[in-house]
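First up is the structure itself, then whatever we jot down about it.
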Amino acid sequence: MVYRTHYCGTLGEGEIGQKVVLAGWVQRRRDHGGLIFVDLRDREGLVQVVFSPDTSPEAFAVAEKVRSEYVLRVEGEVHRRPPGTENPKLKTGTIEVRATSCTILNPSRTPPFYIEDGINVDEDLRLRYRYLDLRRPEMQEALRLRHRAAKVVRDFLDAHGFWEVETPMLTRSTPEGARDYLVPSRIYPGRFYALPQSPQLFKQLLMVAGVDRYFQIVRCFRDEDLRADRQPEFTQIDLEMSFVEVEDILQLSEGLIATLCREVAGVEVSLPFPRISYQEAMSLYGTDRPDTRFGLLLTDVSDLVAEVEFKVFSQAVREGGCVKGLAVPGAAHFSRKEIDELTRYAALFGAKGLAYIQLLPEGPKSPILKFLGEGVVEALRQRLQAGEGALLLFVADKREVVERSLGALRSYLAQKLGLEKPGLSFVWVVDFPLVEFDPAEGRYVTLHHPFTAPREEDIPLLETEPEKVRAKAYDLVLNGVELGGGSIRINRRDLQEKVFRLIGLDLEEARDKFGFLLEALEYGAPPHGGIAFGFDRLLMLLLGRQTIRDVIPFPKTQRAQDLLTQAPSAVTEEQLRELHLRVEVTKGSSGLVKKLS
RNA sequence: GGAGCUGUGGUGUAGCCUGGUUAACAUACCUGCCUGUCACGCAGGAGAUCGCGGGUUCAAAUCCCGUCAGCUCCGCCA
C-alpha cells in the first residue's frame, strides 16, 4: 500500500486532475450532513478534503466517524474549487481533494489543547504533551529552521576549511565555571565523569593536534538555575582556529552570523558589527551585554552634584562612588505609583533609592528640587540632553551599583515604553579585563575562562596590577542577549601557569587538574583562538520567540524537570549499588529509590 | 536560597476585595438535524469535590496559615 504520493500542504493548481494519496492528521471536520469537509494536515500544511456520497459512499461513511487528530489515509482527485468557495486564507485554498477512499490509520483521543498557532494554555500542559505541541505549525517552523540553521553552519564552516570533530560527553570535572553534571563511574568506585560545560579544552587540544580549524554543533551542560534563556543542556556552535588573531575570528564570526540571518530569517545585517569596549559598555549601558536597539544612555553627573545639599548625591561622590542619570523621553507624566515601581525594580539590583526630576510643561518637579538648586537642575537637564516631557532618573552609590541598577532600569523602561527598534542589533564587546577581584571568594577570578590570553603589552601587569590586564576576549551581543564569546588562548605553559597562580590555583592543583593541558602546551601548541555561540539563543532571537524553550524540542521546566518523561527519576537500589552510591534521604528525596518490578 | 505573578469542567476565563443561590461564560466533547463549509450553522446533552493540606466561621472557590506545580526575576550561570 502506498501511504501517500504528495504532502497535503504542497498541493496546488498544478495537481488539478491528478489522483493523489494523502496521509495526515484531521485538523478539523465540518459535517454538513450530506457533505463532510475534512482539513487534513501534515508537516507541510493543510488541504481540504471533500467527502460526498456522490463520489464515494464508502469514504463518506468513514468520514462520519472521523474526529480531530485522527490519522487518515485518503485517496482522491484534486479539483479546482467551485467558484465562490475558494479560501484565500489557505495556501491550498483554490483546490480541494475529492475523496474516493479513506482509511483510519489510527484514531486519537481528544487532544488537551488545540493543535494550532497562538494557543493560550499553561506551558506545563504543552510540555507534558510535547509531541502534540510540536504538531503546531509555529513549533514545526522552529524545528524546520533549527535544522536549516545547523545546515547553514555546517555548509559555511565547511566552505571555510573547518572540520567537524566530536569531543567526549563523558569527561573530567575541572574547577572554575558552572556546577558540573556528574556521572558516577561503575568501574572506579567514588569517581565521576562530568558532562562538558563546553568542549573548551578538547578544542584547544585539537589545535595542538594540528587540526587547524575545528567546529562542532555541540550539547553543553551546566547544573545551574534556569531562566528564559538558560537550560541545563543547551547547544553551542563551537569553533576554534590556529594561527589567528582576534581580528580573524571576529571577521569569520560576522560572516557566519550574517549568513545565518540571511538564510534562516531572511534578514540582511550590515557588517562589520559595531564594537564597544567593556569599559564603555559598563559606563554607558551599565552592563557587559548592552542592548543597542535604543539610546537611554547612562550619563555621569558626579561633578555637577558633588557639592549639592542633597546628601545622597554629595556623599556618594565624596566616598568615591558616583552619580549617574538617565533621561527617559516622554515619561515625565509618570505617576507616583509608576515611579515607586521603578524604585522597587532598581532596588532589586542594589540601588538604595531612585532620585527623579519630572520635566513638566510648568517646570521641573521633584522632591529633591530644593536640595539641588535651580542652577544644578538646569545643568543636569543639559548634561542629559533632556527636553520637556522627560523623566530624569538618578542613582548615587558605588560605581558598580549605580551602573548595574541604572542599566537594568534602562532595559526595563525601554521595554515598558516600547523604545526598542525592531530588527537585529549586534555589537561586539571587546577589551575585557582578564580578571576581577571577587570579594566573596577573596581572590581574582577570570571574566571569561582561565585559558584566555592577555594582551602582550599587559603581561607585565599580571604581577603588579592584574585588574588592569586586558584580555584578548570578545563577546557578541544581540539585542541585549549574550550570543557568544571567545578569546585567543594562552599557548605557552609558563604564561598559563602564571594565570593559574593569579586566580589562586597553586601549581600542584593546576598540575593535578590541568596537567594534560599544560603538558600539551609544551609540545608545540600553535597560537590559536576561537568562539562559541549559543545556538538556542540565536534561534530564539531570529524567530522572535521569548524563550529558548520554544526552539528546543524537549526542554526542561524551571525546576529542571522533563514533564514528558518525568526525568529526573528514581533508580533501583541495584543500580545504585553497582555505582557504589548511597542516597541520603532528606526532605524532597524521600521515596526516591524504587524497585524495578 | 530569595521575591513576584498564576492555579476554578478537557481547554481558556469570570466569580475571590465585600464569605451565603443549582459555581457563570466561551470553546472543546457527546447526540440529533443539515450537500459548499472553512472558527460551518441550528437544537439538545453530559462534564468541576474551585492545585493540595490545615485553620477561622453556623457557612469558605472567596478570609488566614502552610505546601505543591508552572512562569518571570535576584542570587547562581568562567
Side-chain angles (χ1 to χ4, degrees), chain A residues 27-40 46-55 60 67-69 79 81-90 92-93 96 98 109-116 118-129 132 174-180 197-198 200 220-232 234 341 344-350 404-405 408 411-412 432 434-436 438 440-441 444-452 471 473 475 482 485-487 499 503 505 532 534 546-547 549 556-559 561 563 587-588:
Chain A
Q27 177 70 30
R28 198 163 252 120
R29 186 182 73 126
R30 291 178 294 280
D31 185 347
H32 288 242
L35 191 67
I36 297 172
F37 300 96
V38 167
D39 291 336
L40 199 65
L46 286 181
V47 72
Q48 173 166 281
V49 181
V50 187
F51 293 89
S52 164
D54 306 337
T55 314
F60 184 82
R67 294 293 182 272
S68 287
E69 298 308 311
H79 285 257
R81 288 196 187 190
T85 67
E86 300 89 354
N87 184 352
K89 280 184 261 175
L90 222 55
T92 58
E96 63 190 17
R98 300 202 182 149
R109 293 170 60 178
T110 302
F113 48 80
Y114 308 115
I115 309 300
E116 62 189 29
I119 55 170
N120 176 25
V121 285
D122 275 358
E123 197 171 348
D124 55 349
L125 200 65
R126 290 175 53 203
L127 292 176
R128 198 163 307 144
Y129 297 95
L132 296 180
T174 52
E176 299 287 303
R179 190 177 298 114
D180 282 320
Q197 296 177 27
S198 81
Q200 182 60 36
C220 302
F221 305 86
R222 293 178 190 176
D223 188 3
E224 298 291 350
D225 285 345
L226 288 76
R227 289 287 188 281
D229 62 355
R230 276 165 37 187
Q231 282 274 308
F234 61 100
E341 196 184 303
R344 262 202 313 282
Y345 189 71
L348 277 177
F349 300 86
R404 229 167 77 85
S405 55
S411 295
Y412 179 84
F432 281 81
L434 188 71
V435 296
E436 65 184 357
D438 181 350
E441 297 214 31
Y444 288 103
V445 295
T446 51
L447 263 78
H448 274 80
H449 54 58
F451 319 108
T452 300
D475 275 1
E482 186 195 325
S487 62
V499 171
I503 60 170
L505 265 185
Q546 298 301 309
T547 159
R549 292 190 300 278
K556 307 222 175 356
T557 67
Q558 193 166 46
R559 304 256 338 257
Q561 279 197 57
L563 294 182
K587 186 184 166 231

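Each chain gets a letter, A, B and so on, in the order its sequence line appears, and its residues count up from 1. Keep in mind the model is a prediction, meaning the values are calculated, not measured.
- In this entry the distance linking CG of A/Leu46 with C1' of B/U37 reads 14 Å, nearest Å.
- Note on A/Thr452: nothing from the nucleic acid sits closer than 4.0 angstrom, heavy atoms only.
- Shortest non-hydrogen contact noted between A/Tyr345 and A/Tyr412 is CE2-CB, 3.5 Å.
- Residue A/Arg230 places a side-chain atom within donor-acceptor reach of the base of B/C76, judged by atom type and a 3.5 Å distance cut-off alone.
- Across all strands, A/Asp223 comes closer than 4.0 Å to no nucleic acid atom at all (heavy-atom distances).
- Put simply, the side chain of A/Arg222 gets close to the backbone of A/Gln197: a donor and an acceptor are under 3.5 Å apart.
- Side chain of A/Arg30 to main chain of A/Phe37: no donor-acceptor pair is present (N/O by atom type, distance under 3.5 Å, no hydrogens or angles).
- The distance from atom CD of A/Glu86 to atom CD of A/Glu96, rounded to the nearest 0.5 Å, is 9.5 Å.
- Residues A/Arg549 and A/Ala228 come closest through the heavy atom pair NH1-CA, 4.2 Å.
- Across the strands present, B/G4 finds its partner in B/C71; the criterion is a Watson-Crick or G-U wobble pair with both atom distances under 3.5 angstrom.
- Contacts of A/Ile36 with the nucleic acid, taken as non-hydrogen atoms under 4.0 Å apart, are absent.
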Detail all sub-3.5 Å separations between protein N/O atoms and N/O atoms belonging to nucleotides 70-72 of chain B.
unit_1: B/G70; atom_1: OP1; unit_2: A/Thr557; atom_2: OG1; d: 3.0
unit_1: B/C71; atom_1: OP1; unit_2: A/Gln558; atom_2: N; d: 3.1
unit_1: B/C71; atom_1: OP2; unit_2: A/Gln558; atom_2: N; d: 2.7
unit_1: B/C71; atom_1: O3'; unit_2: A/Arg549; atom_2: NH2; d: 3.0
unit_1: B/U72; atom_1: OP1; unit_2: A/Arg549; atom_2: NH1; d: 3.1
unit_1: B/U72; atom_1: OP1; unit_2: A/Arg549; atom_2: NH2; d: 2.9
unit_1: B/U72; atom_1: OP2; unit_2: A/Arg549; atom_2: NH1; d: 3.4
unit_1: B/U72; atom_1: O4; unit_2: A/Gln558; atom_2: OE1; d: 3.2

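- Counting any heavy atom pair closer than 4.0 Å across all strands shown, A/Phe451 reaches no nucleic acid atom.
- Scanning atom types as modelled, no donor and acceptor separated by under 3.5 angstrom connect the side chain of A/Glu86 and the base of B/G36.
- At the heavy-atom level, A/Ile119 lies nowhere under 4.0 Å from the strands shown.
- Note on A/Glu96: a base of the nucleic acid sits closer than 4.0 angstrom, heavy atoms only.
- Of the C1' atoms belonging to B/G32 and B/G15, the separation is 34 Å, rounded to the nearest Å.
- Judged by ring centres under 5.5 Å apart and planes tilted less than 30 degrees, A/His32 fails to stack against the six-membered base ring of B/U37.
- Taking atom CG on A/Asp475 and atom C1' on B/C77, their separation rounds to 13 Å, with Å as the unit.
- Following rounding to the nearest Å, A/Asp54 (CG) and B/G36 (C1') show an atom-to-atom distance of 12 Å.
- Rounded to an integer number of Å, the gap from A/Leu125 CG to B/G10 C1' is 9 Å.
- Here A/Arg30 does not reach the OP1 or OP2 of B/U37: none of its side-chain N or O atoms lies under 4.0 Å away.
- In a base pair of the Watson-Crick type (N1 to N3 plus N6-O4 or O6-N4) or a G-U wobble (N1-O2 and O6-N3), with each distance short of 3.5 Å, B/C58 is matched with B/G20.
- The distance between atom NZ of A/Lys89 and atom P of B/U37, rounded to the nearest whole Å, is 13 Å.
- Heavy-atom distances to RNA chain B give each of A/Arg222 and A/Arg404 a nearest nucleotide, and the one nearer the 5′ end belongs to A/Arg404.
- The gap from the C1' atom of B/G44 to that of B/A61 amounts to 30 Å, rounded to the nearest Å.
- A/Gln27 contributes no side-chain N or O that, together with a main-chain N or O of A/Glu116, makes up a donor-acceptor pair within less than 3.5 Å.
- Between the CG atom of A/Leu35 and the C1' atom of B/G36 there is a distance of 6 Å, given to the nearest Å.
- Nucleotide B/C73 holds its P atom 9 Å from the OH atom of A/Tyr345, rounded to whole Å.
- With A/Ser487 contributing its side chain and A/Ala473 its backbone, the two residues share no donor-acceptor pair below 3.5 Å.
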Dump every N/O contact between nucleotides 24-32 of chain B and the protein below 3.5 Å, one line per pair.
unit_1: B/U27; atom_1: O2'; unit_2: A/Tyr114; atom_2: OH; d: 2.2
unit_1: B/C30; atom_1: OP1; unit_2: A/Arg67; atom_2: NE; d: 2.7
unit_1: B/U31; atom_1: OP2; unit_2: A/Arg67; atom_2: NH2; d: 3.3

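- A/Arg230 and A/Asp225 make their closest contact through NH2-O, 2.6 Å (heavy atoms, listed as atom of the first residue, atom of the second, distance).
- The separation between A/Leu40 atom CG and B/C38 atom P is 19 Å, rounded to whole Å.
- Between the side chain of A/Glu436 and the backbone N or O of A/Leu447 there is no donor-acceptor pair closer than 3.5 Å.
- With a cut-off of 3.5 Å on both pairing distances, the Watson-Crick or G-U wobble partner of B/G66 is B/C52.
- Between the side chain of A/Glu69 and the backbone N or O of A/Arg109 there is no donor-acceptor pair closer than 3.5 Å.
- Here A/Val121 lies in heavy-atom contact (under 4.0 Å) with sugar-phosphate atoms only.
- Taking only side-chain nitrogens and oxygens, A/Arg29 never comes nearer than 4.0 Å to OP1 or OP2 of B/A39.
- Using modelled atom types, one side-chain atom of A/Thr92 and one backbone atom of A/Leu46 make a donor-acceptor pair closer than 3.5 Å.
- The pairing partner recorded for B/C30 is B/G44, the criterion being a Watson-Crick or G-U wobble arrangement whose two distances lie under 3.5 angstrom.
- For A/Ser52, the listed nucleotide lying nearest its side chain is B/U35; candidates were B/G36, B/U35, B/C38.
- A sub-4.0 Å separation between OP1 or OP2 of B/U13 and a side-chain N or O of A/Asn120 is present.
- Residue A/Pro82 is in base contact, counting any heavy-atom pair closer than 4.0 Å across all strands shown.
- When each of A/Asp225 and A/Phe113 is assigned the nucleotide of RNA chain B bearing its nearest heavy atom, the one mapping closer to the 5' terminus is A/Phe113.
- Distance check on atom C1': B/U13 versus B/U8 gives 9 Å, rounded to whole Å.
- Side-chain contact between A/Thr446 and A/Thr452: absent, with no pair of heavy atoms (C-beta onward) separated by less than 4.5 Å.
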